[in-house]
J.: 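Before anything else, here's the structure in question.
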Amino acid sequence: MANLPILQYEDKILETVEQNPVVVIIGETGSGKSTQLSQILHRRGYTKSGVVGITQPRRVAAVSVARRVAHELGVRLGEEVGYAIRFEDRTSERTQIKYLTDGVLLRESLSNPDLNQYSVIILDEAHERSLNTDILLGLMKRLVKMRASNLKVLITSATLDGDKVSKFFSDCPILTIPGKLYPVEILYSEERPSSYLESSLKTALDIHIREPEGDVLIFMTGQDDIEKLVSKLEDKVRSLEEGSCMDAVILPLHGSLPPEMQVRVFSPPLPDCRRFIVATNIAETSLTVDGVVYVIDSGYVKQRQYNPSTGMYSLDVVPISKVQANQRAGRAGRTRPGKCYRLYPSRVYHDEFLDVTVPEIQRSSLAGSVLYLKSLDLPDIDILKFDFLDPPSSESLQDALKQLYLVDAIDGNGSVTSVGQTMAELPLEPSLSRTLLEANKYGCIAQALTVAAMLSAETTLLSGPSKTVEKKRKLAPPDLPDGSGLGDHIQLLQIYEHWYQTDYDIGWCKDNDLKVRGMMFVRDVRKQLSQIMQKLAKGPLDVLANRERQHRDYRSLRKALCVGYGNQLGERMIHHNGYRTLGFKPQVVQVHPSSMLKPDEEGKFPDYLVYHELIATSRPYMRNVCAVDMKWVMPIMNKVKTLDINKLSGGIDHIQKNSEEHVPDISKKEVAVTGLPGDRESRIQAARERFLARKATK
DNA sequence: GAGCACTGC
């Protein structure tokens, strides 16, 4: 700790913080900013007038950094130094230094918009530009004006981002703290390879044959490519002449790998054995692998993005940003000088890569965030004039307003309703919080809580589609409930209720290919939601699972879902099983083939359904659907007719001007890369054309 | 008849 570069800057930091309400800190990797900034401010007495709060984008980071600081200060974790993450608050009245996830700080400012308990707020890793960090940046700008005398804000960022953040905060000072990285030699390819999988393979083998010992970290875009590269690399390494090279182990590393496989990369390296770690961007920030000396960077990343003009998500392979490229390269210089092989020319890095990753706020549906900001009810804040570092497009904001209007969260003038105010208290997307409130009226709150919790963890539930599991599954298909033919929401409900009846048996999860950690998470979420609902209802609610006497057709629950998903309805076409989405921008979509929805005797799906999300892969699909009745749909359709976007947004001219200035509109930008599996838009377009052609011939 | 980057309240 004594050698951390940041400590030489202690006086400079304190002097700057004293003279300025906001300071941007460029803290390079290994500078010690996350652990030391809080302690420096503590030593100067900033913890006497309030808590020093430090946000982290990830839970594990909040916990591990808090633990280290507590250790360095010689205090017990949870006393003077503590942390707060979802489901876990380890702070006390004595806490002076508090690490928390940015989501938790946002929740805190819902009940205390001035964040009075804090004397200092440090937004760490702001360059990662998570949705929550971006909203916090906007809130901080307002807060430092209001609490100019007693609040200091520090924002840590990356070199390429510092000027922009400083400008956002009235040209506040920027301090650069050098890191403790070893030099990393950057080697560029002469041109972009036609296949970055083959190119990675070749580069990895070259390193293995020519370079001295040291582990190799290879950045790929997804599980598929990782599995392919791992098996090819294994073949090639095995075919090398014995004794010509040292031994090698090849390890995949990605998010859907079971935890016990993930930790393999942390076990101590074997002597005279080179490790190849083939990873997604999980190894960019979330996981740090020791011993890496060589990095191979494909220059691509898989990103989920939302298109507000269609209401559809897609998962695209896109070029990384300069910040990401530098972050990847830095992974080679943690223990000694390293090398980074970039599988693209330097021209591409300089001319084509964006400086900073497109912020999440420009790639997500904003319904939840807009409701959150509106519900803060800050007199001087109008969401459409809200000062974002990178404002979302007006299209995206209008999309959010329309969605909120349809689920009764805002009225025709764009003001939050009492329903909307209550919805904002729940840590859920608007469709699910609205479902909970409606279910409470119909006496099926326990079921709705289960569905909401299951959907909060949906992607983490079923074990990954790895080929071995698929094979196993054919031999012994899991014995899971089928949703009674009514769709996926009902199936998720039945799965949880079944698990509840086994008394949360872990063995049952494993037997049925359910991820144990995912199901545990569902249990936690459900408990949290139950507590919040009890508080909101100002009285006891029977929230225990399996307690409600229900019709076999789950009518009450499906009716509640129909109201909650008032912005996500589909109407079946007359002659086939395609659907047209209802609402403002009708899309032609299909039920996802993985759905549990059952057609009737004539092979027809129900006339109406709600969907959890639209996802464009090879075609536009509705994922997670539930059958609903036409008579529940009609009131919502009538509401669509009453919508007036100009009234909703209270005049939108200013944001349109605003967004044209700074916003690279991700929905229209050419993000897809030729020849890569990311060219979604054109594939969707092609699918649409095929569909129309087929329709025309009928 | 298809497929899942990573977080987080």
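Note that the structure is a prediction, hence the values are computed from the model and not measured. All heavy atoms count here, side chains included; hydrogens, waters and symmetry mates do not.
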J.: Select base, sugar-phosphate, or nothing to describe what A:Thr101 touches, counting heavy atoms under 4.0 Å on all strands.
T.: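 Touches sugar-phosphate only.
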J.: Using the six-membered ring wherever Trp is involved, compare the ring planes of A:Phe87 and A:Phe521 and label them parallel, tilted or perpendicular (cut-offs 30° and 60°).
T.: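 If you compare the ring of A:Phe87 with that of A:Phe521, the planes turn out perpendicular.
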J.: Nearest to the side chain of A:Arg623 - B:dC9, B:dC6, B:dC4?
T.: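 The listed nucleotide nearest to A:Arg623's side chain is B:dC4.
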J.: If each of A:Asn281 and A:Leu426 is mapped to the nucleotide of DNA chain B with the nearest heavy atom, which maps nearer the 5' terminus, i.e. the 5' end?
T.: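 Upstream on the strand: A:Asn281.
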J.: Output the single nucleotide from B:dC4, B:dC9, B:dC6 whose closest atom is nearest the side chain of A:Thr280.
T.: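 Side chain of A:Thr280 sits closest to B:dC6.
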J.: Select base, sugar-phosphate, or nothing to describe what A:Arg304 touches, counting heavy atoms under 4.0 Å on all strands.
T.: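 Here A:Arg304 touches the bases of the nucleic acid.
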J.: Answer yes or no: is there an ion pair linking A:Glu352 with A:Lys322, defined by an N-O contact shorter than 4.0 Å?
T.: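 Between A:Lys322 and A:Glu352 there is no salt bridge, as every charged N stays at least 4.0 Å from the carboxylate O atoms.
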J.: For A:Glu429 and A:Ile615, take the nucleotide of DNA chain B holding the closest heavy atom to each; which residue's nucleotide lies nearer the 5' end?
T.: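 Per heavy-atom nearest nucleotide, the more 5' residue is A:Ile615.
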J.: Rounded to whole angstroms, how far apart are CD on A:Gln303 and P on B:dC6?
T.: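 These atoms are roughly 13 Å apart.
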J.: For A:Tyr621, which contact category applies under a 4.0 Å heavy-atom criterion: base, sugar-phosphate, or nothing?
T.: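 Answer is sugar-phosphate: A:Tyr621 comes under 4.0 Å of backbone atoms only.
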J.: With a 4.0 Å cutoff (strictly under), does any side-chain N or O of A:Ser618 reach OP1 or OP2 of B:dG3?
T.: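 Result: yes.
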J.: Report the nucleotide, chosen from B:dA2, B:dC6, B:dG8, that has the shortest atom-to-atom distance to any side-chain atom of A:Pro593.
T.: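 Per side-chain heavy atoms of A:Pro593, the pick is B:dA2.
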J.: Remember a base hit wins even if backbone is also touched, and classify A:Ile282 as base, sugar-phosphate or nothing at under 4.0 Å, heavy atoms.
T.: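 Touches sugar-phosphate only.
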J.: Please list, chain by chain and in numerical order, all residues satisfying side-chain contact (heavy atoms from CB on, under 4.5 Å) with A:Glu260, sequence neighbours excluded.
T.: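 Residues passing side-chain contact (heavy atoms from CB on, under 4.5 Å) with A:Glu260: A:Pro258.
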J.: Using a 4.0 Å heavy-atom cut-off across all strands, classify A:Val104 as base, sugar-phosphate, or nothing.
T.: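 Touches sugar-phosphate only.
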J.: Rounded to the nearest 0.5 Å, what's the gap from NE2 on A:His612 to CE on A:Met622? Could you check?
T.: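 Here the rounded value is 14.0 Å.
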